[in-house]
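First comes the structure, then the notes that go with it.
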Amino acid sequence: MSGKNKRFTVTAALPYANGPIHIGHLAGVYIPADIFSRYQRLINNDVAFICGSDEHGVAISLQARKESITPKELIDRYDKLIRDSFEKFGISFDNYSRTSREIHHKNSIELFNELNEKDLFSSKTTKQYYDTEAEQFLADRYIIGTCPICDAENAYGDQCENCGSTLSTDELKNPKSTISNSKPILKDTKHWYINLNEFEDFIKDWITKEHKDDWKPNVTGQVKSWLDNGLKSRAVTRDLDWGIPINVEGEEGKVLYVWFEAPIGYISSTKEWAEKNKKDWSKYWKDENTKLVHFIGKDNIVFHCIIFPIILKMLGDYILPFNVPANEFLNLEGRKISTSRNWAVWLHEYLEDFPNMQDVLRYVLTVNAPETKDNDFTWKEFQMRNNSELVAIYGNFVNRVLTLIIKYYNGIVPNPDSLDNSNKKIIEQAKGFPKSIGKSLDEFKFREAIKSLVNLARIGNKYLADSEPWKLQKSNPEKVKEILYVGYIIICYLTILSEPFLPNTAKKLKSQLNLEEIKNWNDLDSLNTKIDFSSNIESKEVLFRKIEDDEIIRQIEKLKKMSNQ
RNA sequence: CGCGAGGUGGAGAAGUGGUAUCUCGUUGGGCUCAUAACCCAAAGGUCGCAGGUUCGAGUCCUGCUCUCGCUACCA
């Protein structure tokens, strides 16, 4: 909380630009990353919060083909949509880039070449299926044939959905290209590989020993599972036309495999940001005092805890992640969120249905975040959390205090000469919150942190009920001044401590209460000098409105109607 | 199959050896400043099942069972 500034490089998983963003993405990655980054800034730490659209890979070229548009048109569309959703939800990236930008192409190729020149890759020539009509090599998913095990038709190149067997493409009988329906031929192709197996001991020591206790058990457990199965070498190149060309002589038509270049996108995005802001990017990636934190979903653990760290290790002078607080998954109304079945709450639709209520969704997704296990988002819970926690506890408390201050003092905050012991005690209690919430956030316990915040409002409500200023106003008006001063102090704490979680609410409150001068949590120590005791609070805006049953019913119906199942 | 994570009062979650905690919901009471909100109290759990270790286990060990993930273009 105090002392020297620390430096953080915070990354959030690059969203894949072939679809919009839904609540699962927000809950699992972007909200925690945003809370963490905002918090670090508020305690005067140096933060680079980095992200960008992931715009390469087969999935994008295939979908573009399906829609008869170019991949570029597709990624432009979704990059815009995603960017817009993040902005409206207040995800405070310092830089949001795109992997299709030149700076990333250049950066990825430089790093690829660096490793290639150091001879850290191995290369192999293998035979792969090639579609002579479409003139391209075929990814496993684009080959169908007869399953060699159960003889089902239409088994994919990597798996038979009928019997569940994992296959390799050369086992398939009667292989057929799904692109042209022609029979593919086997053709030689050369690829570069990272020998992950050479780094098994490094990963084992680093994660399962060094970080045994400070990383989440689901993360270390997953890593251990990969290690136990043995790491295998993985190709870093692919035969594709959509991606970053490797430009090696005699090897035309090869691009970097997305999993290799996407995490490098974090570095590229940092470089882009540093150029714009005249900063030294290398401090954020090469200074060992910098703490690198990757926010991801659990499906990405292997890339961020094994593969990318190995790449960083191979490069040599880069820092390794300080922590990778991966979250589990969020379900929706008891079912897995599914893009293809349209079982999701899309952010751009939420923004239309619940205008100016971003903080409500941020709150619900934080308080019920899938931190330790998969969780369920239901519209009913969304309503309940809003109505009984944000409206009844938080909003109501603020409203109660301000109403009384306006009523009794014309909106001028009372400034009593002294406080009695019980009042001092309440203030002391409030003063403990920055520390305890900060501790929770340092440990990536976002649910615990936001629950503390609401508890502060609970303390406020209880304080009012116990001290009953509306009864004392006639008999002991001096005491009432104390009480409402204390109530006001609690609101100030609430306001400032809300900033990482509920930025829009905090902003509203700050301007309403003339607290704009308070820029970080250390200022709370000298709160009394920052409070405006002269001008009066005029309006009291309702912070959170109640959500009615019919709004919720409409959402549930919409979900069922729109989903194709 | 294997590996990983999880299974705690009606719902959602804390809790890693010592009288089972919190929020919501329910019931009763109080208050009336407040967005029919707030405050207090009570009821409600043999902590997935079965063994074991221990003076003592939700917490450690073994076996079993269920859910999710690793295993689709969904973080």
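- The nearest whole Å value for the distance from the CG atom in A:Asp376 to the P atom in B:rC68 is 12 Å.
- Between A:Glu448 and A:Lys451 there is no salt bridge, since none of the side-chain N atoms of the basic residue sits less than 4.0 Å from a carboxylate O of the acidic one.
- Among the protein residues, A:Ile337 comes within range of the nucleic acid bases, having at least one heavy atom under 4.0 Å from a base atom.
- Counting any heavy atom pair closer than 4.0 Å across all strands shown, A:Tyr30 reaches no nucleic acid atom.
- A:Arg83 and A:Glu87 are not joined by a salt bridge, as no carboxylate oxygen comes within less than 4.0 angstrom of a charged side-chain nitrogen.
- For the C1' atom pair drawn from B:rG7 and B:rA14, the interatomic distance equals 15 Å after rounding to whole Å.
- For the pair A:Glu67 CD and B:rC73 P, the computed distance is 16 Å after rounding to whole Å.
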Restricting both atoms to N or O, compile the protein contacts to nucleotides 4-6 of chain B shorter than 3.5 Å, with distance only.
from, atom 1, to, atom 2, distance (Å)
B:rA5, O2', A:Thr372, O, 3.3

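- Remark: A:Lys336 fails to qualify as a cation-pi partner of A:Phe329 under the 6.0 Å distance and 45° angle criteria applied to the six-membered ring.
- As judged by a 4.0 angstrom heavy-atom cut-off over every strand, A:Leu543 is placed among the base-contacting residues.
- Among the protein residues, A:Ala13 comes within range of no part of the nucleic acid, since none of its heavy atoms lies under 4.0 Å from any strand.
- Atoms NZ (A:Lys546) and P (B:rA36) sit 7 Å apart, rounded to a whole Å.
- When base pairs are accepted only as Watson-Crick or G-U wobble with both N-N or N-O distances under 3.5 Å, RNA chain B takes part in stems of 3 or more pairs at B:2-7 with B:65-70, B:10-13 with B:21-24, B:26-30 with B:38-42, B:48-52 with B:60-64.
- When the ring pair (Phe, Tyr, Trp, His ring centres under 6.0 Å) test is applied to A:Phe86, the partners found at least two apart in sequence or on another chain are A:Tyr30, A:Phe93, A:Tyr96.
- By the salt bridge (charged side-chain N to carboxylate O under 4.0 Å, His left out) test, A:Asp214 pairs with no residue at all, sequence neighbours left out.
- A salt bridge links A:Asp34 with A:Arg362; the closest basic N to acidic carboxylate O contact falls under 4.0 Å.
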Restricting to nitrogen or oxygen on both sides, can you table the protein-nucleotides 23-33 of chain B pairs closer than 3.5 Å?
from, atom 1, to, atom 2, distance (Å)
B:rU23, O3', A:Arg458, NH2, 2.9
B:rU23, O2', A:Glu389, OE2, 2.9
B:rC33, O2, A:Arg400, NE, 3.1
B:rC33, N3, A:Arg400, NE, 3.2
B:rC33, N3, A:Arg400, NH2, 2.5
B:rC33, N4, A:Arg400, NH2, 3.0

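- Contact annotation for A:Leu330: base contact, defined as any heavy-atom pair under 4.0 Å involving a base atom.
- Using a 4.0 Å cut-off on heavy atoms, none of the residues of residues 71-79 of chain A approach RNA chain B.
- At the heavy-atom level, A:Asn396 lies under 4.0 Å from base atoms of the strands shown.
- Side-chain rings of A:Phe382 and A:Phe354 approach one another, their centers coming within less than 6.0 Å.
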